[in-house]
Number of protein chains: 2
Amino acid sequence: MSVTLQDIAQELDVSIATVSRALRGMPGVAESTRQLVLKVAREQGYYPNLAAQQLQRQRTNTIGFIIPTFGPRFSDPFFSELLAGIGNAAAEAEFDLLVSTVAPGKDELKGYQHLVAGRRVDGLLVVRTRRQDQRIAYLLAEGFPFVAFGRTDQELDFPYVDIDGQQGLFKVVTHLIERGHRRIAFINASEELMFAQHRLTGYRQALAAHGLPYDDDLVRLGGLVETDGYHAGRALFCLGAQMPTAVCTSNDLMALGMMRSARECGLQVGVDIAIAGFDDIPLAKMTYPPLTSVHQPIYQIGRLICEKLLCLLRDEELAEPQTLLLPELVVRESTDYRV
Amino acid sequence: MSVTLQDIAQELDVSIATVSRALRGMPGVAESTRQLVLKVAREQGYYPNLAAQQLQRQRTNTIGFIIPTFGPRFSDPFFSELLAGIGNAAAEAEFDLLVSTVAPGKDELKGYQHLVAGRRVDGLLVVRTRRQDQRIAYLLAEGFPFVAFGRTDQELDFPYVDIDGQQGLFKVVTHLIERGHRRIAFINASEELMFAQHRLTGYRQALAAHGLPYDDDLVRLGGLVETDGYHAGRALFCLGAQMPTAVCTSNDLMALGMMRSARECGLQVGVDIAIAGFDDIPLAKMTYPPLTSVHQPIYQIGRLICEKLLCLLRDEELAEPQTLLLPELVVRESTDYRV
DNA sequence: ATTATATACGTAAACGTTTACGATGTCAAA
DNA sequence: TTTGACATCGTAAACGTTTACGTATATAAT
């Protein structure tokens, strides 16, 4: 089996307490014996049993991250980049990362309870917050450390990082209005998602600021995958005279689906219709035509929420518990079309 | 703090052993007391301390998965789908999933040692195998349970799932040849990756089978991101008379970059040049033009390697330790061009 | 020489489980 | 009544650490 403190202690004929102290650099052990211990530990290939450490120290050096996955073909470039940010920040702090994938729903909380009540992780990262978010209510009630990516509609105080989706939509819609568009569609995400709410607000504000009417028919809801954008496009482009001249979407994936349906309807993107996305995934600049999008520094956000959580776990005061990032609009050829 | 067996035992004036037995459904406890224990446990909100369980049971009910990330903008739809498959399969078996993100390199093994020597996980999933893979050599030497996605060049016996990339490339190149192409470029991944080797073999076999010469200039290496395909394209499309009429790539992301560079060089994809990818990510059918690609059932592969590992951990005999999946070619408009 | 202080180390309890083993009580068979 | 079998439960060790506390020795101060 694997070598324990006991093995080293036996070999050197000292107590396991001394071995433990020597290995952890604690005072109260002679330099000569410390060297001996280190030598034997190296020779025997000692590595501490993490479960035993966790039990004793009452912390796991692990943070949890639960990915809400929707169905099998869950392929969102967004998450791999977020995960990279989180993972790298955690690794630098020598923390492990426990990832669960659960579909949002009534069993969702079970996943959180497992990690929280089982003291499986020291803190949690919550992503894709909802307007009424039971996960956040639960974590607050438990007094469990967490940081969210996104806000909620409840008047709850908790640490988060978010990008200002309202500003983001305001910018992109204003950009479209400045290019002469008057009928601008918006493919949003499910209403229960908090960011969808913010972005809708930004959309309406931009219209209002330019005296344009709000038309319910032009706002569609999608599930953030390509096919949602595709189907929304098929519906929109059949409106005839009522057809929008520009469309913006709540993520790039749907924008790509939208571009496809536009082409199928004989519309040349950037020439006959303007399309803009949200996220600015690396792919956005590679599409045809390159996609105008609201940039989200996803990797950085991943790092940020992770680092904030690590601060919390070190009992440090958060310099900025709530961070709201201003997104930048990246204009590309997909919105070249002017009315 | 949180409630332990001790708390329940005290409340009912029984021993913690009885409580433990009652909760775990072990024999040797009266049905009446079992009900009492269950009742109190529910009332007090008992949840077992997982670290203590792990220490005692000598297993963690956790599997590890180390994602090789290359740089910050690591945005591969491939991995999010794989992760979903792994995560869901693990969740069904009530296993947790520990994810690390480490850049391949000399510190890479540290990450594996941490999980293995620290007994942090019961088994590991190894992805993106390399021709000489130190990770696999290490795990085999340690006798640690693992399943790989991919093979190696070493004559080592270990459980894996892989798709037959050689067949995949053979199919796509044959498809291009049948459309009249004679100069077919191939943007492959780094030579050290095992799958790159297989695909190169498939590429050469298809050429040979049709009596076409192999031209070193037409094979380029890329790092599997969009920009790699883009740059490879810029280089290829400047070859003048030596220019290929068709290109296939080792993943869809590079194909998308390639499509962009083609357009910038005034080439209409599917009309003036044929481009095919590999992976068939959901996006592939949404590009313009839709991308011909070799389909990989990534989600299923994620499930498969996870389930295989779970079998190993249950000490079951693997019905099929090594699975080689035959990939399908999905023909779309990007290869419509005939010479 | 005595006392105080520091250093080096061991003892043992603790973290929260699981489980082998032993103790007690009940009931039926001999 | 004795014996055994069985059900029910408690005791205690074990998993591998960490750490408060105690003890022995050496050194310095009085």
Side-chain angles (χ1 to χ4, degrees), chain A residues 1-38 40-41 44-62 94 96 114-122, chain B residues 1-38 40-41 44-62 94 96 114-122:
Chain A
M1 279 305 286
S2 53
V3 28
T4 69
L5 290 185
Q6 176 71 44
D7 298 324
I8 303 180
Q10 218 159 330
E11 171 86 13
L12 289 173
D13 203 35
V14 294
S15 73
I16 58 171
T18 301
V19 177
S20 174
R21 278 189 286 255
L23 289 174
R24 306 194 50 242
M26 300 251 86
V29 41
E31 188 53 32
S32 55
T33 56
R34 182 189 311 276
Q35 291 306 329
L36 272 177
V37 169
L38 290 177
V40 175
Q44 310 227 11
Y46 171 79
Y47 201 95
N49 183 310
L50 298 175
Q53 277 188 336
Q54 288 173 19
L55 180 58
Q56 166 61 227
R57 295 181 178 173
Q58 295 289 77
R59 53 195 174 76
T60 61
N61 266 246
T62 307
E94 304 204 292
D96 289 326
H114 174 70
L115 300 184
V116 171
R119 277 130 288 175
R120 194 67 222 271
V121 298
D122 296 333
Chain B
M1 277 309 286
S2 52
V3 28
T4 69
L5 290 185
Q6 176 71 43
D7 298 324
I8 303 180
Q10 218 159 331
E11 171 86 12
L12 289 174
D13 204 34
V14 294
S15 73
I16 57 172
T18 302
V19 177
S20 174
R21 279 189 285 254
L23 289 174
R24 306 197 48 242
M26 299 253 86
V29 42
E31 189 53 31
S32 56
T33 56
R34 182 189 309 275
Q35 291 306 327
L36 272 177
V37 168
L38 290 177
V40 175
Q44 308 227 13
Y46 171 79
Y47 203 96
N49 183 309
L50 299 175
Q53 275 188 338
Q54 288 174 19
L55 179 58
Q56 166 61 229
R57 296 180 177 173
Q58 295 290 75
R59 53 196 172 78
T60 60
N61 267 244
T62 307
E94 303 205 292
D96 289 326
H114 174 71
L115 300 183
V116 172
R119 279 129 288 175
R120 195 65 220 275
V121 297
D122 296 333

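As the structure is a prediction and not an experimental result, all values here were calculated from the model. Naming: A, B, ... by sequence-line order, numbering from 1 per chain.
- Side-chain contact annotation: B/R119 with A/S2, donor-acceptor N/O pair under 3.5 Å present.
- OP1 or OP2 of D/dG10 sits under 4.0 Å from a side-chain N or O of B/S15.
- Heavy-atom nearest nucleotides on DNA chain C were determined for A/L55 and for A/I16, and the one closer to the 5' end corresponds to A/I16.
- When atom types are taken as modelled, the side chain of A/D7 and the backbone of A/T4 share a donor-acceptor pair closer than 3.5 angstrom.
- Closest to the A/Q56 side chain, of the nucleotides D/dC15, C/dA14, D/dG10, is C/dA14.
- Close to C/dT17, at under 4.0 Å from its OP1 or OP2, lies no side-chain N or O of B/Q54.
- Between the side chains of B/T33 and B/R21, no donor-acceptor pair is found at a separation under 3.5 Å.
- Looking at the side chain of A/Q53, the nearest of the listed nucleotides C/dT17, C/dC15, D/dT18 is D/dT18.
- Atom-to-atom distance recorded for A/T18:OG1 and A/I8:CD1 is 12.0 Å, nearest 0.5 angstrom.
- What separates CG of A/L5 from C1' of C/dA12 is a distance of 15 Å, to the nearest Å.
- Comparing D/dC15, D/dG16, C/dC15 by their nearest atom to the side chain of A/Q58 picks out C/dC15.
- Across every non-hydrogen atom of B/E94 and B/N61, the tightest pair is O-OD1, 3.6 Å.
- Note: CG (A/L50) to C1' (D/dT18) measures 14 Å, nearest angstrom.
- Between A/L36 atom CG and C/dC9 atom C1' there is a gap of 14 Å when expressed in whole angstrom units.
- Rounded to 10 degrees, the angle separating the terminal axes of the helix from C/dA1-D/dT30 to C/dA30-D/dT1 is 70°, with each axis obtained from five end pairs.
- Dashed line: the shortest gap from a side-chain N or O of A/T4 to OP1 or OP2 of D/dG16 is not under 4.0 Å.
- With a 4.5 Å cut-off on side-chain heavy atoms, B/V19 and B/L23 count as touching.
- Of all heavy-atom pairs between B/R34 and B/G25, the closest is NH1-CA, 3.2 Å.
- The backbone N or O of A/T60 lies less than 3.5 Å from a partner atom in the side chain of A/D122, making a donor-acceptor pair.
- Of the two residues near DNA chain C, B/R57 and A/A17, the one whose nearest nucleotide lies more 5' is A/A17.
- A heavy atom lying under 4.0 Å from DNA chain C marks the following residues of residues 19-31 of chain B, by number: B/S20, B/R21, B/R24.
- Regarding contacts with the backbone of C/dG16, every side-chain N or O of B/Y47 stays at 4.0 angstrom or more from both OP1 and OP2.
- When the P atom of D/dT17 is taken as reference, atom CG of B/N49 falls 17 Å away, rounded to whole Å.
- Between the C1' atom of C/dC15 and the CG atom of B/D7 lies a distance of 13 Å, rounded to the nearest Å.
- For the pair B/D13 CG and D/dC9 P, the interatomic distance rounds to 12 Å; values are reported in whole Å.
- Two residues, B/V14 and B/A52, neighbour DNA chain D, and the one matched to the more 5' nucleotide by heavy-atom proximity is B/V14.
- Atom CZ of A/R120 is separated from atom CD of B/Q54 by 4.5 Å, given to the nearest 0.5 angstrom.
- In this structure, A/I8 atom CD1 and D/dT17 atom C1' are separated by 12 Å, rounded to whole Å.
- Remark: B/D96 CG to B/T62 OG1 distance equals 4.5 Å, nearest 0.5 Å.
- The distance between atom CZ of A/R119 and atom C1' of C/dT17, rounded to the nearest whole Å, is 11 Å.
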